[in-house]
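What you see is a predicted model; the values in this text were computed from it and never measured. Computation of the quantities below employed the complete heavy-atom set of this structure, encompassing side-chain atoms and omitting hydrogens, waters and symmetry-equivalent molecules. The chains referred to below are lettered A, B, ... by the order of the sequence lines, with proteins before strands, and numbering in each begins at 1.
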There are 2 protein chains.
Amino acid sequence: MRIALLGGTGDIGEGLALRFARDTDHELLIGSRDPEKARDAVEGYEERLADVGASGDLKGFANEMAADRADVVLLSVPPYYAGDTVEAVADKLDSDTILVTPAVGMKGDEDGMHYHPPGTGSVTELVAQRAPDDVSVVGAFHNLAAGKLADLSTAFDLDTLVVADDADAKARVRQLADEIEGLRALDAGPLANAAEVESVTPLVINIAKHNDDMHDVGVKWI
Amino acid sequence: MRIALLGGTGDIGEGLALRFARDTDHELLIGSRDPEKARDAVEGYEERLADVGASGDLKGFANEMAADRADVVLLSVPPYYAGDTVEAVADKLDSDTILVTPAVGMKGDEDGMHYHPPGTGSVTELVAQRAPDDVSVVGAFHNLAAGKLADLSTAFDLDTLVVADDADAKARVRQLADEIEGLRALDAGPLANAAEVESVTPLVINIAKHNDDMHDVGVKWI
């Protein structure tokens with residue numbers, strides 16, 4: 001499978017690129033608005049994979065080209081770019097493409113981080129609204145700490161929650177997430193349930209802040 | 001310590017009464033609007049404790065009397081009664097009383113359960129607003145499945161998140177929660193962070209609905 005990671009040069013994109021590269025045989029298309037930046041990121045990822053005796057099938061592209069070639073397009077961009085990034089690549093997506101969004105709207109104040117969704121109710125639903133009608137949108141990978149994901153010396157046992165209206169697309173993304181070692185994908189229902197999934201992200205940040213010896217907090221549903 | 005469980009005859013109150021009775025030496029004052037109903041509930045709890053070879057110090061009272069005698073008052077009532085219950089017992093609370101609220105506002109539709117907070121931002125903050133100024137309010141026990149809690153044949157390994165503005169009150173409630181076997185209390189910050197804690201409750205219900213073999217879903221932060 002070909003997986004494009006748009007905005008795949010930083011934050012959650014970095015960790016997913018490294019984990020997919022190490023744990024799966026999928027072809028990974030690292031996207032950036034600047035293709036040179038994407039190719040530089042790929043070089044860095046290949047070095048870090050080599051450091052742990054691993055390798056992967058990684059290439060750097062402009063976001064549009066990565067999206068055009070991919071079966072699954074993962075929008076690993078900050079939430080305020082999510083809608084615009086979808087529109088920038090919209091004519092490269094078709095009914096066979098699955099668009100995956102991990103972005104969460106948050107704002108911080110002196111008390112901690114708070115969930116701050118857009119008017120659509122969630123970033124996941126905003127992406128669905130901005131995507132072409134025939135493209136299946138799946139919310140996943142929302143609550144994973146970027147630092148833990150990108151540190152290949154760390155093994156983990158974590159869950160990610162998947163929301164989608166299209167059952168086939170949801171099943172494919174759950175399968176894909178399950179291929180990452182130590183990650184279990186659970187079904188949280190349709191896109192309308194995305195807000196409660198997204199709001200776990202500010203919560204894990206607050207838990208990390210207020211409890212000694214807890215960093216890059218993740219979650220296991222039991 | 002004397003712990004009053006207002007509305008302690010059903011739902012989360014039942015489970016907390018049984019677990020506190022089995023696992024601690026605290027005096028448990030089961031409250032209800034109808035004291036007869038509270039005494040009946042205590043009889044039932046004592047039988048269920050005896051069934052597992054346990055016992056506890058349980059007594060039934062009207063809510064007001066339970067609140068009057070307690071060091072910690074736990075509001076195990078439905079969210080839409082939380083504010084009124086606080087006002088009904090307000091003159092029985094003093095600056096030594098800690099008021100604990102586990103209630104969550106939710107509404108369900110065909111997609112699943114959704115977080116539905118009051119205008120104050122969370123039920124926890126609504127309780128704080130309605131409580132006398134000198135009473136410390138702590139949010140805790142929000143995300144525990146009532147069924148799992150009330151089933152004494154079930155061992156668990158779960159977390160509960162605690163929010164409060166008063167550090168001493170928070171520490172005391174964390175310690176109290178830690179006394180329940182298999183329960184770990186984590187700090188999620190001040191009352192202003194309660195919304196993200198409460199919104200985990202509809203989420204665990206949605207996870208239970210959409211995943212085979214998952215019932216009474218709980219959470220572990222790792």
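The number of heavy atoms from other shown groups lying within 6.0 Å of OH (A/Tyr81) does not exceed 12. Other residues, nucleotides and ligands contribute only 12 or fewer heavy atoms inside 6.0 Å of the CD atom of B/Gln175. Surrounding CG of B/Asp25 are at most 12 heavy atoms belonging to other residues, nucleotides or ligands under 6.0 Å away.
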Could you check A/Leu203 against B/Trp221 for side-chain contact (heavy atoms from CB on, under 4.5 Å), going step by step and ending with a plain yes or no? CA-CA 10 Å; A/Leu203 184 55; B/Trp221 307 98; 3.7 Å; yes
Walk me through it: do B/Ile222 and A/Leu158 pass the test side-chain contact (heavy atoms from CB on, under 4.5 Å)? CA-CA 8 Å; B/Ile222 49 182; A/Leu158 293 175; 3.7 Å; yes
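Residue A/Asp165 does not touch chain B at all, counting heavy-atom pairs closer than 4.5 Å. In this structure, the portion of A/Leu161 lying under 4.5 Å from any heavy atom of chain B is its side chain and not its backbone. Residue A/Ala195 does not touch chain B at all, counting heavy-atom pairs closer than 4.5 Å. Of the two parts of A/Asp109, neither the backbone nor the side chain holds a non-hydrogen atom closer than 4.5 Å to a non-hydrogen atom of chain B.
No other option in B/His215, B/Met214, B/Lys209 has as many heavy-atom pairs under 4.5 Å with chain A as B/Met214. Note on B/Ala188, B/Ala192, B/Gly218: by heavy-atom pairs under 4.5 Å with chain A, the leading option is B/Gly218.
Atoms CD1 and CG, from A/Ile207 and B/Asp159 in turn, are 7.5 Å apart once rounded to the nearest 0.5 Å. Taken from CZ in B/Arg174 to CG in A/Asn211, the straight-line distance is 5.0 Å, to the nearest 0.5 Å.
Not one N or O on the side chain of A/Glu196 forms a donor-acceptor pair closer than 3.5 Å with the backbone of B/Val200. Of the possible polar contacts, none joining the B/Asp111 side chain to the A/Pro190 backbone as a donor-acceptor pair under 3.5 Å is found.
Evaluated for a side-chain contact (heavy atoms from CB on, under 4.5 Å) with B/His210, the options A/Val163, A/Val162, A/Asn193, A/Leu186 yield exactly one hit, A/Asn193.
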